[in-house]
Amino acid sequence: MSNQEVARIIAEIGEYLDMEGVPFKPRAYEKAAKAVGDLDKSVSEIYASGGLKALEQIPGIGASIAKKIEELIKTGHLKYHDELKKKVPVDLSGLRKIEGLGPKSIKKLYEELGVKTVADLERAAKAGRVAKLEHFGAKSEENIKKGLEFLKKATGRPLLGAVLPLARRIEERLRGQKEVEKVIIAGSLRRWKETIGDLDVLVVSKKPGPVMDFFVSMPEVVRVVAHGETKSAVKLESGLNVDLRVVPAESYGAALNYLTGSKDHNVALREMALAKGWKLNEYGLFKGKKQLAGRTEEELYAVLGMDYVEPEMRENTGEIELAKKHKLPKLIGYDDLQGDLQIQTDWTDGADTIESYAKAAIERGHKYIAITDHTKRLAMTGGLDEKKIRKQWVEIDRVQKKIGAKLKILKGTECDILKDGSLDLDDETLARLDVCGVAVHSHFDLPREEQTKRIIRAIKNPNVDILFHPTGRLIGKREPYDVDMDAIIKTAKETGTILEIDAFPDRLDLKDEHVKKCVVAGVKLSIDTDAHSIAHLDFLEYGIAQARRGWAEKSDIINTRLLEAFLKLLKK
DNA sequence: GCCGTTTTCGGCCCGACTGTTTTCAGTCG
Ligand SMILES: Nc1nc2c(ncn2[C@H]2C[C@H](O)[C@@H](COP(=O)(O)OP(=O)(O)OP(=O)(O)O)O2)c(=O)[nH]1
Ligand SMILES: [Mg+2]
Ligand SMILES: [Mg+2]
Ligand SMILES: [Zn+2]
């Protein structure tokens, strides 16, 4: 039984208890479910090796839930869950996808109308039966209908890269309003999560009314979900929700901290405040009626006795303890990169010429770039063979001469790792390159052991400098191939191979959790755009963000160095 | 149900908006 399956059952128990109005337990189950879902080892294995005791070691899991997990692992079933489900036998996860519909409403709809599924609910709403229920009415029925309509079109969480440009436009638009003193996008976007559930916008203003009116009447708005004095929410035609919070200047820091989250980070801070006899909310940190902090986030963390925590770290995964001990890492900054080490040109499947990339890189302040076209096995891209890549070197030399010393153009490759772990170009050719990147582009479905052996063999090659997009995932489209990342990281450490953080918004590969492991292991990383056109050169920030989410410092990333120092970090 | 240099018992983050309601529950952030 997978972690996700266990987590789902535990979470459902929480929802059923919530339905019955049981206090506190729902949160306990919710927390436990999240703990299981976030585990990076398998619960079954944890139980197999350490038994109940090991399960109870997981924060949020105590004796009672540990026993339930044991039953799930042993029998594939949980009597307690089955019993709760028998009382209200509905498609809970399906119905919960309807915005605004919570456990209490679902229970009522089942008991009064026999609604078990989304389809049942649709029939009941269309027949006007929902509006007749006590505590429901015409508007609740209408909202359910709208929710059902939206659910049919819903397409899941969009990529950060797909919403960031829109978010920045909305930010600018609000900034143009005269009542607006400050605007900032908070929420998961400020934490640079790889996918985004909604936009959370914070505005400072003395006059919220006009700001709210402007916000809910933006042209893209198709539905006003809420329209209040301090908070509004809308749905855009793209399906994206946008929340707006407006506060006075003296609450800016506290409100930004609240709206940035994560929820778990917020709750942990609020518990800290509570333990000191204080109260933390979005208006400030208070001792009785007196505001101790709230105008800035820096002040808020300081008064709580912590160092400032960067938004990318606010996931309640240990950052709070480090901040209290003043031991937070100093994260790599958004201006710290000197160059880009993965670029595909029109020699293969890229859209632009070496020369135009060089000019664009100079405009962006890069000191070096690596030209890393595909190799011959990727025939559909016109991948380079040993002969053709030598021709490319001549062109690189020509462009280098033309542009002079402003930018170093490195001769590189994104050489295919073949099925057996050998490489698509011969060693003599690889040895003559400035930067040799290798990557898996085929046989994604090899068994874990074989895939791991294949990649290890490739990076053990003394000519190989960097492993590009190490897990091969495409967010929302393709799962990472099955590979033992711990073994790859270990080998990278032993061989001095660099692992890449591919910044392309649908890759972000390595992702934050793997970056964290590399940092701990002392494996060096590179941040590259994987550009296939000049516009893609701007993706570096997504890679930097992922590095920051993995707690990487400047020194962990090789292309923060100037050329000479950077080249020294590659294999001899 | 979980958890602990304020507690092994008694707390549990805190607030906004809506809709249906004569005073607040439900849902969400
Ligand atoms: N204190 C507190 N803050 C919360 C709670 N729920 C949400 N928040 C805060 C933290 C969140 O980051 C912020 C925005 O809420 P969202 O639901 O939009 O979450 P977030 O943006 O983190 O993720 P998302 O990508 O939108 O799913 O509001 C809560 O229950 N308590
Ligand atoms: Mg959000
Ligand atoms: Mg939100
Ligand atoms: Zn390519």
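In what follows, chains are A, B, ... by sequence order, proteins preceding strands, each numbered from 1.
- Residue pairs meeting the salt bridge (Lys or Arg N to Asp or Glu O under 4.0 Å) criterion with at least one partner in residues 225-239 of chain A, sequence neighbours excluded, are A:Glu99-A:Lys235.
- With sequence neighbours excluded, the residues that form a side chain to side chain contact (heavy atoms under 4.5 Å, CB included) with A:Lys477 are A:Leu474, A:Asp506.
- Pairs of residues two or more places apart, or lying in two chains, that qualify as salt bridge (Lys or Arg N to Asp or Glu O under 4.0 Å) and include a residue from residues 203-215 of chain A are A:Glu181-A:Lys206.
- In terms of the side chain to side chain donor-acceptor pair (under 3.5 Å) criterion, residue partners of A:His81 (sequence neighbours excluded) are, by chain and number, A:Glu12.
- Salt bridge A:Glu70/A:Lys53: absent, no basic N to carboxylate O contact under 4.0 Å.
- Under the side chain to side chain donor-acceptor pair (under 3.5 Å) criterion, A:Arg270 pairs with no residue, sequence neighbours left out.
- The separation of B:dC17 from B:dC12, taken at their P atoms, amounts to 25 Å, rounded to a whole angstrom.
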Could you go through nucleotides 10-14 of chain B and list every protein N or O atom that sits under 3.5 Å from one of its N or O atoms, giving the distance for each pair?
| from | atom 1 | to | atom 2 | distance (Å) |
| --- | --- | --- | --- | --- |
| B:dC13 | OP1 | A:Arg27 | NH1 | 2.0 |
| B:dC13 | OP2 | A:Arg27 | NH1 | 2.5 |
| B:dC13 | OP2 | A:Arg27 | NH2 | 2.8 |
| B:dC13 | OP2 | A:Glu271 | OE2 | 2.9 |
| B:dC13 | O2 | A:Arg270 | NH1 | 2.7 |
| B:dC14 | O4' | A:Arg270 | NH1 | 3.1 |
| B:dC14 | O2 | A:Arg270 | NH1 | 3.1 |

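- Donor-acceptor pairing under 3.5 Å is recorded for the side chains of A:Thr260 and A:Arg190.
- The distance from atom CG of A:Leu285 to atom P of B:dG15 is 12 Å, rounded to the nearest whole Å.
- Partners of A:Glu319 by side chain to side chain donor-acceptor pair (under 3.5 Å), not counting sequence neighbours, listed by chain and number: A:His265.
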I'd like a table of donor-acceptor pairs (distance under 3.5 Å, sequence neighbours excluded) in which one partner is a side-chain atom from residues 31-39 of chain A, with atom names and distances.
| from | atom 1 | to | atom 2 | distance (Å) |
| --- | --- | --- | --- | --- |
| A:Lys34 | NZ | A:Asp38 | OD2 | 2.8 |
| A:Lys34 | NZ | A:Asp264 | OD2 | 3.1 |

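- At least one side-chain nitrogen or oxygen of A:Thr230 sits closer than 4.0 Å to the OP1 or OP2 atom of B:dC17.
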### Query
Once each nucleotide of nucleotides 18-28 of chain B is scored for protein heavy atoms under 4.0 Å, what B/S/- sequence comes out, 5' to 3'?
SSSS----SSS
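- The separation of B:dC28 from B:dT20, taken at their P atoms, amounts to 16 Å, rounded to a whole angstrom.
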Can you give each donor-acceptor pair under 3.5 Å made by side-chain atoms of residues 284-295 of chain A, sequence neighbours left out, with the distance rounded to 0.1 Å?
| from | atom 1 | to | atom 2 | distance (Å) |
| --- | --- | --- | --- | --- |
| A:Gln291 | NE2 | A:Glu250 | O | 3.1 |
| A:Gln291 | NE2 | A:Tyr283 | O | 3.0 |

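- Less than 4.0 Å separates DNA chain B from at least one heavy atom of each of the following residues of residues 36-69 of chain A: A:Pro59, A:Gly60, A:Ile61, A:Gly62, A:Ala63, A:Ser64, A:Ile65, A:Lys68.
- Among pairs with a residue in residues 136-153 of chain A, those fulfilling salt bridge (Lys or Arg N to Asp or Glu O under 4.0 Å) read A:Glu122-A:Lys152, A:Glu149-A:Lys152, at least two apart in sequence or across chains.
- Look at OH on A:Tyr283: it is 7 Å from C1' on B:dG15, rounded to the nearest Å.
- On the C1' atoms, B:dA16 is 36 Å away from B:dT5, given to the nearest whole Å.
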